[in-house]
Chemist: 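Below is one structure. I have some questions about it.
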Amino acid sequence: MTAFGQANFLQALGWAVLNSLWQMALLWVIYQVITGLHRHAKSTLKTALASLLLISGFAWFLYTFISILVSSSTAGAGFSSGLMNMEGNQQLNKWLIATLPIASLLYLGLLVLPVLHFIRNLRYVHIIRHYGLSKAQVEWRMFVSKVANQMGIKKPVNIWISELVSSPVTVGFLKPVILVPL
């Protein structure tokens, strides 16, 4: 990627992030209106609505980013930013064009921190799930199987005694495992 291509990418990312502020605020207002009209809706429906709007917000962000990136690469130096456009104020526009690449780099840098935290937690879960385990007593395994059947869980749920945990913990969704301390 050339320096001009990197500048276009960072400018488009900066404009997309700025646009995402009002876009997500609009989606939040929509969520508040819908949940306000249906106050007695189940929490599962509210969670589904929130998830749908969050995914929609991310898709809207991607659409904005790609459209700005395409228009900036075809139009040269002129940046179209969707509904947020600073063409009227030239001084503010120059400041944004100079600042957005730096803000975009900071934004990308801050995205790395949660990813590293997630990877560290994923490694920890892998370690406690596979090391320092011993079989639980038959009574415990039968109890877990009985409770899983009563709850309607069709997949086998295993219980293990772990040297690495200090309190009971459930790990996994597709292959759930209950770990209890020694």
Side-chain angles (χ1 to χ4, degrees), residues 1-130 164-167 169-174:
M1 190 180 283
T2 66
F4 184 69
Q6 289 174 351
N8 281 347
F9 175 82
L10 294 175
Q11 285 285 348
L13 181 63
W15 282 114
V17 168
L18 280 177
N19 278 304
S20 72
L21 296 175
W22 69 263
Q23 292 167 348
M24 293 304 284
L26 178 65
L27 293 174
W28 178 80
V29 168
I30 291 170
Y31 174 81
Q32 291 298 321
V33 167
I34 291 172
T35 56
L37 293 174
H38 303 286
R39 291 181 189 202
H40 302 293
K42 292 182 181 179
S43 62
T44 55
L45 293 175
K46 290 180 180 180
T47 302
L49 176 63
S51 299
L52 175 71
L53 291 175
L54 191 60
I55 291 168
S56 300
F58 180 67
W60 199 359
F61 168 80
L62 286 178
Y63 171 77
T64 304
F65 171 70
I66 291 169
S67 65
I68 293 170
L69 187 63
V70 168
S71 69
S72 68
S73 63
T74 58
F79 290 97
S80 168
S81 60
L83 293 177
M84 179 181 269
N85 199 340
M86 299 296 172
E87 289 183 15
N89 189 340
Q90 290 299 326
Q91 185 178 4
L92 180 60
N93 196 24
K94 286 179 185 178
W95 181 80
L96 282 173
I97 288 173
T99 307
L100 283 177
I102 297 166
S104 297
L105 286 173
L106 287 172
Y107 176 77
L108 290 173
L110 290 174
L111 283 179
V112 170
L113 296 176
V115 169
L116 291 175
H117 186 68
F118 175 76
I119 291 170
R120 186 189 71 161
N121 288 343
L122 196 62
R123 287 183 64 214
Y124 176 70
V125 167
H126 178 76
I127 288 170
I128 66 171
R129 188 177 179 135
H130 292 94
L164 302 176
V165 297
S166 58
S167 65
V169 64
T170 303
V171 178
F173 179 75
L174 297 175

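Quantities reported herein were computed from a predicted structural model and do not represent experimental measurements.
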Chemist: Once you round to the nearest 0.5 Å, how far does CG of Leu26 lie from CG of Leu21?
Modeler: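 Nearest 0.5 Å value for the CG-CG distance: 12.5 Å.
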Chemist: Do Ile102 and Leu105 have side chains that approach each other closer than 4.5 Å (heavy atoms only, starting at C-beta)?
Modeler: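 Side chain of Ile102 against side chain of Leu105, heavy atoms only: no contact under 4.5 Å found.
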Chemist: If you count every heavy atom of other residues, nucleotides or ligands that lies below 6.0 Å from Gln91 atom CD, does the total exceed 12?
Modeler: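 No, not enclosed.
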Chemist: Within a strict 4.5 Å, meaning less than it, do heavy atoms of the Phe65 and Ile68 side chains meet?
Modeler: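 No, their side chains stay 4.5 Å or more apart.
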Chemist: Testing the basics here: between Leu27 and Leu53, what is the closest heavy-atom pair and its distance to 0.1 Å?
Modeler: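 Heavy-atom minimum between the residues: CD1-O, 3.4 Å.
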Chemist: Might you point out which heavy atoms bring Asn19 and Trp22 nearest each other, and give the distance in Å?
Modeler: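 In terms of heavy atoms, the two residues are closest at OD1-NE1, 2.8 Å.
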Chemist: Around atom NZ of Lys46, are there more than 12 heavy atoms of other residues, nucleotides or ligands at under 6.0 Å?
Modeler: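 Counting neighbours around NZ of Lys46, more than 12 heavy atoms of other residues, nucleotides or ligands fall under 6.0 Å, so yes.
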Chemist: Just grab all the side chain to side chain donor-acceptor pair (under 3.5 Å) pairs involving residues 104-127, residues at least two apart or on different chains.
Modeler: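 Every pair satisfying side chain to side chain donor-acceptor pair (under 3.5 Å) with a residue in residues 104-127: His117-Arg120, His117-Asn121, His126-His130.
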Chemist: Please report the interatomic distance CG(Leu18) to CG(Leu13), rounded to the nearest 0.5 Å.
Modeler: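 Between Leu18 CG and Leu13 CG, I get 10.0 Å after rounding to 0.5 Å.
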Chemist: Atom CG of Leu62 and atom OG of Ser67: how far apart are they, to the nearest 0.5 Å?
Modeler: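 Taking CG in Leu62 and OG in Ser67, the distance rounds to 10.5 Å.
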Chemist: Enter the distance from Leu45:CG to Thr35:OG1 here, rounded to the nearest 0.5 Å.
Modeler: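 Output value for this atom pair is 11.5 Å.
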Chemist: Taking the side chain as C-beta and beyond, is there a heavy-atom pair between Val17 and Leu100 under 4.5 Å?
Modeler: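 With C-beta onward as the side chain, the pair stays apart.
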Chemist: Hey, does Thr64 have a side-chain heavy atom less than 4.5 Å from the side chain of Trp15?
Modeler: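 In short, these two side chains do not touch, never coming nearer than 4.5 Å.
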Chemist: Within a strict 4.5 Å, meaning less than it, do heavy atoms of the Met24 and Leu54 side chains meet?
Modeler: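 The answer is yes; the side chains approach within 4.5 Å.
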